[in-house]
Amino acid sequence: MSIILISFRSILNYKSSVLLLMLQASIQIMISVFLWTYIYQSNQINIAGYDFTSMVQYYLGTIIFSYFVFYPVDWEINDDVHSGNFFSILIKPVTFYKYYFCKMLGDRLAHLLFIIIPVILFSSVYYKNELLTIEILILGSIAIILSMVLWFLISCCVGMLSFWLENIFFVLTVKEIVIQFLSGILLPLSFFSNNFRLFLDVLPFKYLVYEPLQMFSNDTYKLIDYLRIICIQLIWCIIFYIISRFILRKGVEHFSNVGG
């Protein structure tokens, strides 16, 4: 809990950062609204199953996910490994995973606290007056938490490559571009062909953003679909936890052997 509070307060201590967060979120939302307003002006009433309002709602959702889920833990691990701080973290009275996840959680809660104001303002204009059921709220919240855990574990796996590579800037950059594209941050995945969507079904990335968002916005999704999404998220979390444990063990052995 103390790690979460320290991380949370580190954001609040800088008033300029708070203002920049709110400004950044507002600009992102306005760009999305103006862009899709322009696109939908061309006689297209429906694009890939989205009308103008549902498209704006989708991008509001992706902005919330971006601020709440996507924390650069891999960049932080890379910095700690090369600065020598990583091993001091390993001997702390908290586990490697708990330390970085709590830092991530505190930081993301602070971000969410301040971007929620512009999101609520724009949502009041574009959100359809439909009440979410208790079932959707509970299962959707579980899916968001699992998205956060899955992102964290994927990022840990990528970040720990710094045990073997001196500079993983290119790897981290490519990872962010790929995930933004394949998770549905840049475009709804319904824009792509059926064959490409079948390819995405065997990858974990759409369960970071696209599928959890569908739980809140897709009227055709039923209870079985919600449970399917959560179960697949859990499976991917277990897989990446096992992979990350293996990389961590091998990485520490390698770093110790070379006298790091």
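Counting from 1, the numbers follow the sequence of the chain as shown.
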_For a side chain to side chain donor-acceptor pair (under 3.5 Å) check, start with the C-alpha distance between S155 and Y71, then their side-chain angles and the critical distance, and finish with the verdict._
CA-CA 9 Å; S155 297; Y71 175 73; over 6 Å; no

*Go through Q57 and S217 one step at a time and tell me if the side chain to side chain donor-acceptor pair (under 3.5 Å) criterion holds.*
CA-CA 8 Å; Q57 290 175 4; S217 60; over 6 Å; no

*asked:* Under the criterion side-chain contact (heavy atoms from CB on, under 4.5 Å), I'd like the reasoning laid out for F87 against V81: C-alpha separation, chi angles, the key distance, then a yes or no.
replied: CA-CA 8 Å; F87 278 92; V81 168; over 6 Å; no

_I144/F216 under side-chain contact (heavy atoms from CB on, under 4.5 Å): CA gap, chis, key distance, verdict_ = CA-CA 11 Å; I144 292 173; F216 292 96; 3.9 Å; yes

_One pair to check against side-chain contact (heavy atoms from CB on, under 4.5 Å): I232 and W236. What are the steps and the verdict?_
CA-CA 6 Å; I232 294 175; W236 278 115; 3.6 Å; yes

*Which is it for F240 and F152 under the side-chain contact (heavy atoms from CB on, under 4.5 Å) test, yes or no, and what are the steps along the way?*
CA-CA 9 Å; F240 277 100; F152 171 77; over 6 Å; no

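Cluster annotation: V158 is not connected to I242 through the hydrophobic network of ILVMFWY side chains, with a link wherever side-chain heavy atoms come within less than 4.5 Å. In terms of hydrophobic clustering, with Ile, Leu, Val, Met, Phe, Trp and Tyr side chains grouped at heavy-atom distances under 4.5 Å, I134 and M215 are assigned to a common cluster. A continuous path of Ile, Leu, Val, Met, Phe, Trp and Tyr side chains, each step under 4.5 Å between heavy atoms, connects Y207 with V178, placing both in one hydrophobic cluster. Under the 4.5 Å side-chain heavy-atom criterion for ILVMFWY residues, no single connected hydrophobic cluster contains both I238 and I230. Note on F191: it clusters hydrophobically with F52, by side-chain heavy-atom contacts below 4.5 Å among ILVMFWY residues.
Side-chain contact of S54 with D51: a donor-acceptor pair under 3.5 Å is present, judged by distance alone. A side-chain N or O of N85 and one of S83 form a donor-acceptor pair less than 3.5 Å apart.
If you look at Y50 and Y58, their ring centroids are closer than 6.0 Å. For F192 and F181, the gap between ring centers is short of 6.0 Å.
Note that OG of S244 is 9.0 Å distant from CD1 of I77, once rounded to the nearest 0.5 Å. Atoms CG and CD1, from D80 and I89 in turn, are 4.0 Å apart once rounded to the nearest 0.5 Å. Of the inter-residue distances, the one linking S147 atom OG with L208 atom CG reads 6.0 Å to the nearest 0.5 angstrom. Rounding to the nearest 0.5 angstrom, the gap separating the CD atom in E76 from the SG atom in C156 is 10.0 Å. For the atom pair CG of L234 and CD1 of I239, the computed distance is 11.0 Å after rounding to the nearest 0.5 Å. Atom CG of residue L203 and atom CD1 of residue I179 lie 10.5 Å apart, to the nearest 0.5 angstrom.
Contact annotation: the side chain of F205 never approaches that of L200 to less than 4.5 Å [non-hydrogen atoms, C-beta and beyond]. Using a 4.5 Å heavy-atom threshold, the side chains of V149 and Y241 count as separate. Contact of the F96 side chain with the R245 side chain is not registered, since no non-hydrogen atoms from C-beta on lie closer than 4.5 Å. Side-chain contact check for V209 versus F70: some heavy-atom pair is nearer than 4.5 Å. Using a 4.5 Å heavy-atom cutoff, the side chains of F196 and L182 are in contact. At least one side-chain heavy atom of E211 sits under 4.5 Å from a side-chain heavy atom of R228. Using a 4.5 Å heavy-atom threshold, the side chains of Y210 and I185 count as separate. L105 is listed as a side-chain neighbour of M148, based on a closest heavy-atom distance under 4.5 Å.
Atom CZ of F246 sits in a sparse spot, with 12 or fewer heavy atoms from other residues, nucleotides or ligands closer than 6.0 Å. Atom CD1 of I224 sits in a sparse spot, with 12 or fewer heavy atoms from other residues, nucleotides or ligands closer than 6.0 Å.
The side-chain tip of K175 points at the ring of W151 from less than 6.0 angstrom away and within 45° of straight on.
Not one N or O on the side chain of E135 forms a donor-acceptor pair closer than 3.5 Å with the backbone of L223. In this structure, D225 contributes its side chain and K222 its backbone to a donor-acceptor pair below 3.5 Å. Within the 3.5 Å criterion, the main-chain N or O of L186 finds a donor-acceptor partner in the side chain of Y59.
Between L146 and C237, the closest heavy-atom pair is O-SG, 3.8 Å. When all heavy atoms of L150 and P204 are compared, the closest pair comes out as CD2-O, 3.9 Å. Minimum interatomic distance between Q233 and A143 (heavy atoms only, all atoms of both residues): NE2-O, 3.1 Å.
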Pair up each side-chain donor or acceptor in residues 159-174 with any protein partner under 3.5 Å, not counting sequence neighbours, and list the distances.
{"unit_1": "S162", "atom_1": "OG", "unit_2": "G159", "atom_2": "O", "d": "2.7"}
{"unit_1": "N167", "atom_1": "OD1", "unit_2": "F169", "atom_2": "N", "d": "2.9"}
{"unit_1": "T173", "atom_1": "OG1", "unit_2": "F169", "atom_2": "O", "d": "2.8"}

